[in-house]
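Small disclaimer: the values here were computed from a predicted structure and weren't measured.
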Amino acid sequence: VIAGALIKPKPVVLSSTPALSSTVDSGNPSAAPPAGGMSAADADKNGDAAWNAKNYDDALTFYRQSAALGDAAGQNGIGTLYYFGRGGVPQDYGQAMKWFQLAAAQGNQEAQNSIGNLYDNGYGVPVDYAQAMKWYLLSANQGNSSGQSNVGSLYANGNGVPVDYAQAMHWFQLAAAQGDATGEGWIGYLYANGDGVAQDLGQARAWYVKGAAGGDQGSKDWLDQHPQ
C-alpha cells in the first residue's frame, strides 16, 4: 500500500528503462566495439524496443553490445535486468549494484536513482538512508522524476532525515510536474492526511485521480476505498 495508507511507499526502481542479461558479470566493459558491430546508440535503441516488447533476452543482447562500448545506458540496462532477474540472468542485487555504479559514474540519472533504491530498501546492502538520499539527490538534481519522488519520500517518512513535509511537497511537486504518478499520489496523500498542508479531501482526490491515471496503485486503492 502507498499513498493514502498508514504505511507510506517505498520507492521502486525505474522499470521503464531496460536492462541486460546473461553472462555480463565481467569487469569494466571493453572500450573497443565488436568487429562489424552497431553503434552504442543503435544498440541502446534496439535494447529499449526489446525491453518495451518484453523480449528480455533480446534486450540483453543489445545492451551487452552497448555496454561493451562503455555506454552508460547499456550498463544501466544490465543492472536493471539483474535487479529484476530478467533476460536469462538470476536476480542478483550485487551484480545490479555493480552495473548501476558503472553507469552512475558516467552520470546516468536512472542508475543513480536505482542505487538509491538498493540502499533505501536494503537490497544486497544494509539499509542506509544517508546513502539513499545521496544517490536520489544526484538523480533528482538532474531532473529525474523518480529520483525527485524518492527524495520526497525520505522526507515524508523521516527516513535518515527529520520528517519535513514542506521539503517532501517540494520534491513531489517537481516530480508531479513531469507527470510522475508516484509524486502525484504522494501529494494526494499529504492533502488527505493534512501533513504539512491543510487537510483537503477535494485536492487529495484530484491528485489521486492523476496518480491513478498514471498507474500508481496506491492512488487507485484510495479511490476504491473512497468512492464519490
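Scanning for side-chain hydrogen bond (donor to acceptor under 3.5 Å, both in side chains) contacts around Tyr123 gives an empty result, with sequence neighbours left out. Listed by chain and residue number, nothing satisfies the side-chain hydrogen bond (donor to acceptor under 3.5 Å, both in side chains) test with Gln173 (two or more places apart in sequence, or in another chain). Remark: Leu174 engages Gln148, His170, Trp171 in a side chain to side chain contact (heavy atoms under 4.5 Å, CB included) (not counting sequence neighbours). Qualifying side-chain hydrogen bond (donor to acceptor under 3.5 Å, both in side chains) partners for Gln199, counting only residues two or more places apart in sequence or in other chains: none. Residues satisfying the side chain to side chain contact (heavy atoms under 4.5 Å, CB included) test with Ala132, not counting sequence neighbours, are Tyr119, Asp120, Tyr136, Leu154. With sequence neighbours left out, the side-chain hydrogen bond (donor to acceptor under 3.5 Å, both in side chains) criterion links Ser149 to Asp180. For Ala111, the side chain to side chain contact (heavy atoms under 4.5 Å, CB included) test picks out Asn76, Phe100, Ala103, Ala104, Asn108, with sequence neighbours left out. Taking the side chain to side chain contact (heavy atoms under 4.5 Å, CB included) definition, one finds that Val209 meets it with Arg205, Leu223, sequence neighbours left out.
Looking at every heavy atom in both residues, Gln178 comes nearest to Asn144 through NE2-C, 4.4 Å. Taking all atoms of both residues into account, the shortest heavy-atom contact from Ala96 to Gly79 is CB-O, 3.4 Å. Minimum heavy-atom separation, Tyr191 to Met169: CE1-CE, 4.0 Å. Of all the heavy atoms in Glu184 and Lys210, the pair that sits closest is OE1-O, 3.1 Å.
If you take OG on Ser139 and NZ on Lys134, they are separated by 13.5 Å, rounding to the nearest 0.5 Å. Taking OG from Ser145 and CD from Gln109, the interatomic distance works out to 8.5 Å, rounded to the nearest 0.5 Å. Taking OG of Ser153 as the reference point, atom CG of Asn159 lies at 7.0 Å (rounded to 0.5 Å). Rounding to the nearest 0.5 Å gives a distance of 13.5 Å between CH2 of Trp51 and CG of Asp44.
The shortest distance between side-chain heavy atoms of Asn46 and Met38 falls below 4.5 Å. Taking 4.5 Å as the limit, every side-chain heavy atom of Met133 sits out of range of all side-chain heavy atoms of Tyr129. Trp186 has its side chain within reach of Thr182: a pair of non-hydrogen atoms, C-beta onward, lies under 4.5 Å apart. The side-chain heavy atoms of Gln95 and Val89, taken from C-beta on, include no pair separated by under 4.5 Å. The closest side-chain heavy-atom distance from Asn117 to Tyr83 is below 4.5 Å.
In this structure, Gln142 contributes its side chain and Gly147 its backbone to no donor-acceptor pair below 3.5 Å. Of the possible donor and acceptor atoms, one in the side chain of Gln106 sits under 3.5 Å from a partner among the backbone N and O of Gly70.
Side-chain contact, Gln217 with Asp221: a donor N or O sits under 3.5 Å from an acceptor N or O. A donor-acceptor contact under 3.5 angstrom links the side chains of Asn150 and Asn113, judged on distance only. Between the side chains of Ser66 and Asp71, at least one donor N or O sits under 3.5 Å from an acceptor N or O.
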